[in-house]
Amino acid sequence: MKERLLEKVESAVAKLLAEAGDSGAAPAVSLEVPRQAEHGDFACNAALVLAKRLKQPPRQIAERLMEALASGDGLIERMEVAGPGFVNVWLAEARWHDLLTRILAAGPEYGRATPETKRSIQVEFVSANPTGPLTLGHGRQAVLGDCIARLLEAVGHDVTREYYFNNGGRQMRVLGESVKARYLEALGRAAPPRAQSLASPDAEWPEQIDGLPVVFPKDGYQGEYIAEIAASLCERFGDTKVDESAEGLFREAAETKIFGEIQETLKRLDIAFDVYTNEKSFYDDGKIEETIAALRERGLVYEQDEAVWLKATELGLDRDRVIVKRTGEPTYLLPDIAYHRDKIRRGFDCIIDVQGADHIEQFPFVRDSIAALGADPSRIELVMHQFVTLTQGGTQVKQSTRRATYVTVDDLIADVGADVFRFFMVQRRAEGHLDFDLDLAKDTDWKKNPAYYVQYAHARTCGVERKAGEQGIALPEAASVDASPLVLSEELALLKKLAEFPDVVSDAAAAREPHHIAYFLREVAGLWNPYLQDGVHHRILSDDPALTSARLGMAAAVRTVLANGLQLLGITAVEQM
RNA sequence: GCCCCGGUAGCUCAGCUGGAUAGAGCAGCGGCCUUCUAAGCCGCGGGUCGCAGGUUCGAGUCCUGCCCGGGGCGCCA
């Protein structure tokens with residue numbers, strides 16, 4: 001519909017340019033759905049864009065554009081020149097009625113697209129190290145990354161979801177030490193540090209308490225889950241592992257257990273990764289050495305203060321960075337460069353890193369380093385997101401990662417369910433802070449909850465269709481539905497809204513911004529729920545068979561769009577509530 | 001001090017890569033509705049789009065400077 005109109009506009013523009021003897025490339029013109037319905041179904045800015053090229057007042061060009069657009073093909077109902085030189089266009093009602101057939105025929109495919117060039121895209125997200133349960137920040141990233149992946153799939157690309165985690169560094173060593181300390185404490189071989197010592201990094205830290213050594217690391221993981229892992233080791237092994245190193249059994253036991261739980265959490269959110277990559281593998285297969293050698297060959301590496309540095313200033317960055325510490329252990333940066341190099345080599349056309357605001361500083365170093373090693377940096381994108389705050393009863397809920405007194409993704413899923421969780425996490429644009437309103441999310445009467453509002457619109461539609469079935473009314477076939485009885489303004493408004501869906505999807509995919517889908521669905525539900533509710537002025541199931549059939553067709557079209565949109569957000573399109 | 005992200009209605013936020021009179025939900029107030037599934041409809045109030053310049057036919061949107069909030073600036077990840 002819009003495409004047909006756009007084609008007409010483009011050829012009209014070409015005609016005007018040709019008449020003016022201008023053989024240059026035609027400028028990009030847009031067709032927008034105006035904010036106000038009085039401005040037509042579409043507003044075209046072509047005359048404004050052309051004004052300079054043709055050296056004529058925009059309104060005058062708009063008049064000529066209208067003449068060029070006028071033809072008897074039944075697409076356009078009427079046009080007007082408005083404002084500074086917009087051409088407002090109203091399409092013939094019958095064209096909107098055609099749309100209904102198209103939506104019903106497309107079904108689950110409506111809104112999906114086939115790209116001009118199919119690309120292979122990797123989306124890396126979550127990537128939390130297995131040191132504890134997923135936090136709300138991870139939860140936001142999980143939903144964001146998965147929705148971006150779903151959008152890219154919907155517009156026809158090959159998508160790989162990947163999770164990268166670090167299981168080699170200091171963090172994991174501290175994890176092992178924390179578990180071992182709790183193990184020894186459980187066996188009475190060590191004393192737990194005092195609460196006030198744990199509360200603050202500056203607090204006093206006695207080496208012994210009541211004659212027992214304090215072995216818990218100062219920056220150890222304080223969460224209850226650590227003690228639970230230790231307790232299960234006690235149960236399995238008794239005191240036979242007191243001499244085992246923290247690096248070995250304890251670290252591995254913790255990693256296995258915690259990573260398993262993270263995967264369970266992701267499963268609850270209906271998120272499945274295709275590939276898990278860990279840092280250790282790059283040590284094992286020599287990619288770390290290879291990367292450092294390549295950087296060295298490019299003259300980007302030097303040694304100073306017994307450490308190995310990356311000469312990032314030579315790449316135009318603001319400072320150099322250590323890539324191998326004095327201890328001989330690489331920093332996080334080096335494996336990250338090796339990892340991204342590996343991604344490029346795996347042949348993805350596009351690599352999308354989804355990262356939290358605390359990680360973004362790292363990105364230019366990685367990107368510019370692998371660019372220096374010959375990779376095309378335009379193939380790597382960063383999608384950044386800000387943190388999540390939790391509000392309950394009008395005040396912020398305090399989160400402390402250090403003390404492990406934070407609300408986890410699992411906690412919230414248990415409270416509000418995966419569907420509401422996903423909706424709330426994806427409904428804001430990523431660059432902004434996200435305020436998770438717990439009261440709203442778990443509102444039991446569901447009056448204000450936007451997630452339920454959309455789901456309900458879908459369920460309610462299914463309800464009407466069920467009722468039609470009970471009354472022996474056949475649901476219309478896509479090919480045979482006659483939508484012409486749909487003449488009410490609210491019905492046409494709905495059809496026009498549904499027509500926007502494919503554009504909304506492709507724009508959201510191109511911008512990597514799934515929140516547009518959430519807003520769009522809210523708008524559709526905002527038109528549809530009132531329509532259904534007002535069963536006095538317009539009932540779907542009426543005495544008039546033609547009208548009933550048309551309205552059932554519209555209901556099916558709305559249901560289709562809601563279901564397809566919810567699918568893009570990974571939210572269940574429930575049939576009954 | 002430097003870098004990144006925000007600042008739009010009482011609150012939480014959209015604003016489609018520069019378009020017309022800046023929108024939604026919630027909260028408040030006043031009416032109506034009782035239904036195909038409850039969560040419905042209409043109206044009202046509420047805004048110097050952080051501030052000041054600039055770019056142009058046109059700026060919430062782009063540029064510059066400043067103010068406020070968050071995050072970062074490690075031989076942590």
Side-chain angles (χ1 to χ4, degrees), chain A residues 30 32-36 38-39 43 45 48-49 51-52 57-58 82-86 88 127-129 131 165-166 169-172 174 219 279 305-309 318-319 321-327 329-333 335-336 356-364 384-387 389 391 394 427-437 440 445-450 452-453 456-457 459-468 471 500 503-504 507-508 510-511 513 515-516 518-520 522-523 525-526 529-542 551 555 576-577:
Chain A
S30 74
E32 296 187 353
V33 178
R35 288 188 183 127
Q36 279 145 339
E38 312 89 74
H39 291 146
N45 70 345
L48 296 159
V49 175
K52 230 174 220 171
F86 290 101
N88 293 339
S127 294
N129 293 338
T131 60
F165 64 101
N166 179 306
R170 205 188 70 93
Q171 262 196 358
M172 295 307 289
V174 173
D219 53 354
E279 184 196 14
D305 303 329
E306 300 168 61
V308 181
W309 291 71
D318 60 345
R319 68 195 164 98
R321 296 278 304 269
V322 170
I323 50 176
V324 181
K325 299 185 242 179
R326 190 179 305 166
T327 59
E329 198 177 20
T331 61
Y332 180 79
L333 182 56
D336 216 11
D358 56 339
H359 269 251
I360 57 169
E361 211 234 355
Q362 182 86 357
F363 184 75
M384 189 221 59
H385 69 90
Q386 292 287 340
F387 295 138
T389 53
T391 304
Q427 70 175 332
R428 305 296 182 214
R429 76 187 194 284
E431 312 88 85
H433 281 105
L434 188 139
D435 187 45
F436 196 107
D437 185 339
L440 185 60
D445 73 4
W446 304 346
K447 266 183 187 170
K448 311 157 195 165
N449 196 320
Y452 287 124
Y453 190 82
Y456 178 59
R460 207 178 199 185
T461 311
C462 295
V464 173
E465 292 178 319
R466 274 195 301 273
K467 184 150 186 165
Q471 296 180 7
E500 292 175 32
D503 271 358
V504 171
D507 288 351
E513 288 179 344
H515 73 276
H516 293 302
Y519 271 87
F520 176 78
R522 182 63 184 72
E523 285 172 12
N529 272 333
Y531 183 90
L532 282 173
Q533 181 78 8
D534 185 359
V536 175
H537 296 102
H538 35 60
R539 298 181 68 86
I540 289 175
L541 308 177
S542 69
R551 285 178 174 168
Q576 221 160 349
M577 287 179 79

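Convention: sequence-line order gives letters A, B, ...; per-chain numbering from 1.
Using a 4.0 Å heavy-atom cutoff across all strands shown, Ala43(A) reaches at least one base atom of the nucleic acid. As judged by a 4.0 angstrom heavy-atom cut-off over every strand, Ala468(A) is placed among residues making no nucleic acid contact. Counting non-hydrogen atoms under 4.0 angstrom, Gln576(A) reaches a base of the nucleic acid. Contacts of Arg539(A) with the nucleic acid, taken as non-hydrogen atoms under 4.0 Å apart, include base atoms. At a threshold of 4.0 angstrom between heavy atoms, the contacts of His385(A) with the nucleic acid are absent.
Under 3.5 Å, the side chain of Asn88(A) and the base of rA20(B) form at least one donor-acceptor pair of N or O atoms. For rU37(B), its base sits under 3.5 Å from the side chain of Arg466(A) at one donor and acceptor pair at least.
Between Arg460(A) and rA38(B) there is a side-chain N or O to OP1 or OP2 distance below 4.0 Å. Listed pair Arg429(A) / rA14(B) meets the phosphate criterion, a side-chain N or O lying under 4.0 Å from OP1 or OP2.
Taking atom CD of residue Glu431(A) and atom C1' of nucleotide rG7(B), one finds them 14 Å apart after rounding to whole Å. One interatomic measurement links the two molecules: OH of Tyr452(A) to P of rA38(B), which rounds to 18 Å at whole-angstrom precision. As a whole-Å value, the separation of Leu434(A) CG from rC5(B) P is 18 Å. In this structure, Phe436(A) places its CZ atom 15 Å from C1' of rC13(B), rounding to the nearest Å. Note: CG (Asn449(A)) to P (rU12(B)) measures 18 Å, nearest angstrom. One interatomic measurement links the two molecules: CD of Gln533(A) to P of rC32(B), which rounds to 18 Å at whole-angstrom precision. Across the protein-nucleic acid pair, Met384(A) atom CE and rC5(B) atom C1' stand 5 Å apart, rounded to whole Å. Taking atom OH of Tyr531(A) as the reference point, atom C1' of rU35(B) lies 14 Å away to the nearest angstrom.
Proximity of a side-chain donor or acceptor of Asn166(A) to a complementary backbone N or O of Asn129(A) within less than 3.5 Å is not detected. No donor-acceptor pair closer than 3.5 Å links the side chain of Thr391(A) to the backbone N or O of Asp435(A).
rU56(B) is unpaired under the Watson-Crick or G-U wobble criterion, no partner having all donor-acceptor distances under 3.5 Å. Applying the Watson-Crick and G-U wobble criteria (two distances, each under 3.5 Å), rC36(B) pairs with nothing in any strand. Pairing for rU12(B) is with rA24(B), a Watson-Crick or G-U wobble pair whose two hydrogen-bonding atom distances lie under 3.5 Å. Across all strands shown, the partner of rG1(B) is rC73(B), judged by Watson-Crick or G-U wobble contacts whose two distances both fall under 3.5 Å. Judged by Watson-Crick or G-U wobble contacts below 3.5 Å, the nucleotide rG65(B) has rC51(B) as its partner. Across the strands present, rU17(B) finds no partner; the criterion is a Watson-Crick or G-U wobble pair with both atom distances under 3.5 angstrom.
Proximity note for Ala82(A) (side chain, C-beta onward) versus rA20(B), rG15(B), rA38(B): the nearest is rA20(B). Out of rA38(B), rG19(B), rG6(B), the shortest distance to the side chain of Tyr456(A) is found at rA38(B).
Comparing rA20(B) with rG15(B), their P atoms are spaced 15 Å from each other, to the whole Å. When the P atom is compared between rG23(B) and rC66(B), the two are found 34 Å apart, to the nearest whole Å. Nucleotides rU64(B) and rA59(B) are separated by 15 Å at their C1' atoms, to the nearest Å. For the P atoms, the distance from rC29(B) to rA52(B) is 35 Å, rounded to whole Å. Across rC26(B) and rG6(B), the matching P atoms stand 27 Å from one another, rounded to whole Å. Comparing rC42(B) with rG25(B), their P atoms sit 9 Å apart, to the nearest whole Å. Comparing the P positions of rU55(B) and rG60(B) gives a spacing of 16 Å, expressed to the nearest Å. Comparing rC49(B) with rA9(B), their P atoms are spaced 10 Å from each other, to the whole Å.
Residue Gln386(A) holds its CD atom at 4.5 Å from NE2 of His433(A), rounded to the nearest 0.5 Å. With rounding to the nearest 0.5 Å, the separation of OG1 in Thr327(A) from CD in Glu306(A) is 10.5 Å. Between the OH atom in Tyr456(A) and the CG atom in Asn529(A) there is a gap of 7.0 Å [rounded to 0.5 Å]. Taking CG of Asp219(A) as the reference point, atom CD of Gln171(A) lies at 10.0 Å (rounded to 0.5 Å).
With a glycosidic angle further than 90° from 0, rU61(B) counts as anti.
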>> Each nucleotide in nucleotides 54-60 of chain B should get exactly one letter: B, S or -. Can you fill that in based on protein heavy atoms under 4.0 Å?
In response: ---S--B

>> For a quick check, with a 4.0 angstrom heavy-atom cut-off, what is the B/S/- contact string for nucleotides 68-77 of chain B, read 5' to 3'?
In response: --BSSS-BSB

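Stacking of the aromatic ring of Tyr453(A) onto the base of rA39(B) is not found under the criterion of centres within 5.5 Å and planes under 30°.
A 4.5 Å side-chain heavy-atom check between Phe520(A) and Glu500(A) finds at least one atom pair inside the cut-off. With contacts defined as side-chain heavy-atom distances shorter than 4.5 Å, the pair Arg522(A)/Gln427(A) does not qualify. Residues Lys467(A) and Leu541(A) are in side-chain contact: their nearest non-hydrogen atoms beyond the backbone lie under 4.5 Å apart.
The heavy-atom pair separating Pro530(A) from Tyr453(A) by the smallest distance is CD-OH, 4.1 Å. Between Thr461(A) and Ala555(A), the closest heavy-atom pair is CG2-O, 3.3 Å. Contact between Met384(A) and Ala357(A) at its shortest, heavy atoms only, is CG-CA, 4.2 Å.
Using the six-membered ring where Trp is involved, His359(A) and Tyr332(A) have ring planes that are perpendicular, over 60° apart on the 30 and 60° scheme.
Nucleotides of RNA chain B nearest to Ala511(A) and Val464(A) differ in position, and the one nearer the 5' end is that of Ala511(A).
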